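Report on the structure given below.
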Amino acid sequence: MSDHDDHLHPPAPMVDEVSEFEVLELAVRELAIEKGLFTQEDHDRWTEYMHTLGPLPAARLVAKAWLDPEYKELAVKDGVKASLEVGVDWVSGMPTQFGTPSDYCNLRVLEDTPTLKHVVVCTLCSCYPRPILGQSPEWYRTPNYRRRIVRWPRQVLAEFGLQLPEDVEVRVEDSNQKSRFIVLPVRPEGTEGWSEDQLAEIVTRDVLIGVAVPKPGVTANAKRPVRKAVNPYGH
Amino acid sequence: MNKPHYDREHHVKKATGIGDPQCFKGEAGKPKFNVGDKVRVRDLPDIFYTRTQGYVRGAVATVAEIVYESPPAENESWDNTEVVEWFYSLVFKMTDLWPDYPEYFAKDTVETEIPEHYLEAV
Amino acid sequence: MTDVNPDYLELDKEMNERALDSSPIELLERIKIEGRVWEELSEEYGVNNPDPPWRVSLESTCDQLAGGYWAPFNVCLPKEERESPSDDKVDAIERRWEEDDLVAKHYADVPFPERQLLALAHTLVRRGIMTEQELAAKMKSVSDRLNMVDGAYEDEELSNPGLANKQGA
C-alpha cells in the first residue's frame with residue numbers, strides 16, 4: 001500500500017453505489033453483535049488492526065537478511081525476535097496482546113538454498129502469518145491449493161509458473177499447529193549493490209509464500225485463476 | 001442451583017504479554033526425541049478435533065527441529081491445558097507418503113509439526 | 001486423547017443433530033443473482049482497490065466469531081449450562097470447512113470475497129444463530145440507512161467504521 005503519499009494526490013474515485021453484498025456484510029455483523037456473539041468495540045479494534053497489516057514487513061525482513069548475515073542468522077533462529085526489527089511484535093502487537101485464534105506467536109523463517117525450495121500451505125484450514133504478511137490471497141484458502149500442494153507440489157508450482165529442476169528438493173511446509181511461516185528465498189542474480197528498499201520491492205507476497213521466486217523487475221504477484229479442486233485428498 | 005464455573009480468562013491471563021506458545025515454556029520436561037531421530041506418527045483416535053493430518057498418520061519421518069512446548073490442540077480445543085508436551089517439526093519424504101510419487105523427484109519432502117504423544121520411535 | 005470422557009460421547013449425538021443443513025437459502029440465492037460484485041462495481045467506477053471496502057470487516061467478523069483466543073467446542077457444554085449466546089461461538093475450523101463446502105455447493109460461481117460472505121451468512125442461518133427473516137429485516141434497515149440522503153447518518157459514521165471504511169478504504 002502506498003498510503004504515505006495519499007495526501008499528494010486527489011482523492012481516488014469511489015464506488016457511489018451500495019451493493020447488496022455491502023448491506024449483507026453489515027447486516028450479518030450487526031445481528032451477530034445484537035445477539036451477543038461479540039461486541040462492536042472488539043470488532044472495531046480488530047478491524048482497525050487488520051487494516052494496518054500487509055506483506056511489507058515480511059519483504060523487509062527478507063531484504064535485510066539478504067544484506068546482513070547476522071540478521072539472517074537471527075531470522076532463521078528466532079523469527080519472532082527478528083520481526084521486531086521490521087516493526088512486527090508477534091506478542092504485544094495484536095489487540096489481544098497474546099495472539100488470536102489463528103495467529104499464534106511463533107514465526108519460523110524457512111531458508112531456501114540453491115538445492116532446497118520451501119512452499120507454505122495449511123492443509124487443515126488456512127493458517128497464514130497475518131501479522132507479518134497481511135490477509136491471505138483467496139487461492140491460498142481454496143481446497144484446490146490446500147489439497148494438491150502436498151500431493152502434487154511440482155504440478156501446482158508449475159501452474160504458478162515455477163518449474164524446478166530435479167536436483168532441487170521441494171519442501172512443502174504444512175502449517176498445522178502454532179508456528180506460522182514465511183520463506184526466505186535465495187537472493188537472485190542481478191541484484192548486486194541494491195539497497196534494502198530495492199530488494200524489498202521484488203519480495204512479493206507470492207515469493208514469501210514460496211510459490212514464486214524473486215526476479216529483478218518483478219514487483220507484483222501474478223494473477224492466478226481459482227479452479228475447482230481435482231483429485232481431492234481427505235476431508 | 002450453582003452453575004459450574006468455566007474459567008474462560010485462564011488462558012488470557014497466562015499468555016498476555018508473553019505469547020502463545022511461549023507461555024507454556026518449561027512445562028513439558030525433557031523432550032523424548034532428538035533432532036535426527038526417526039519416528040512414526042501414531043494413528044490415535046480423536047473426537048471432533050485434531051490437527052494431526054490424516055495423510056501423515058502411520059508414516060515415518062525424521063525430526064528436523066524441536067520447536068516449542070504446548071498443550072496439544074486435541075486437548076486445548078476442550079480447554080484442557082494441563083498436559084504440556086514438546087512439539088517436533090518432522091520431515092517426511094513424499095515417496096513415503098504417496099506410493100505413486102515419481103522416483104525422480106524422490107528428494108521432495110513435507111515438513112509439519114506434531115506433538116510428542118503422537119510419536120513413537122522407529 | 002486416549003481417555004474419552006463419556007460425557008463427550010453424549011455430545012457427539014448433539015453434534016450430529018447440529019450437522020449443517022446445506023440446502024439453499026432463498027434470501028442468499030437472490031443476493032447471489034441480483035447482487036453486484038466488487039469486480040463489476042470497481043470496473044464501472046474506475047476504482048483500483050482489488051478488494052471491496054468491507055472485506056477486512058468481514059474477515060474481522062470471522063475472527064470475532066472464532067472466539068477471543070481459540071474457541072473451545074462450546075457444544076460440549078450441555079445446553080442448559082451455556083451461559084450466553086456467545087457460548088454458541090462458531091469454531092474457526094468448522095466454519096472454514098463449512099465455507100469450503102458451501103462455496104463448492106452453492107457459491108462457486110460468485111467471486112471472492114462475496115462468496116465467503118454468502119457462505120458465512122449461510123452458516124449462521126443454518127446453525128440457528130440468526131433466522132433468514134431476521135437477516136432480511138436487518139438488511140432492509142441497513143439498506144435504508146446507507147441509502148439515506150446526505151447528512152442524516154453523520155453521527156453514526158463516527159461510531160461505525162463500516163460506514164467510515166466505505167469512504168476511506
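Treat the numbers as computed from the prediction; the structure is a model and nothing was measured. Letters A, B, ... mirror the listed sequences (proteins, then strands); counts begin at 1.
- Heavy-atom distances place the side chain of A/E34, and not its backbone, under 4.5 Å from chain C.
- A/R108 pairs in a side-chain contact (heavy atoms from CB on, under 4.5 Å) with only one of the listed residues (A/P129, A/S179, A/S175), which is A/S179.
- Options C/R30, C/E99, C/R36 differ in how many heavy-atom pairs under 4.5 Å they form with chain A, and the most are formed by C/R36.
- Counting only heavy atoms from C-beta outward, the side chains of A/R29 and C/Q64 never approach each other to under 4.5 Å.
- Residue C/V37 touches chain A through both its backbone and its side chain, counting heavy-atom pairs closer than 4.5 Å.
- By the salt bridge (charged side-chain N to carboxylate O under 4.0 Å, His left out) test, C/K105 is found to be paired with no residue, residues two or more places apart in sequence or in another chain being considered.
- Residues C/L102 and C/T123 form a side-chain contact, since some pair of their non-hydrogen atoms from C-beta on lies under 4.5 Å apart.
- Using a 4.5 Å cut-off between heavy atoms, C/L120 contacts chain A through its side chain alone, with no backbone atom that close.
- Contact of C/E44 with chain A is made through the side chain alone, with heavy-atom distances under 4.5 Å.
- Taking the salt bridge (charged side-chain N to carboxylate O under 4.0 Å, His left out) definition, one finds that C/D51 meets it with C/R55, sequence neighbours left out.
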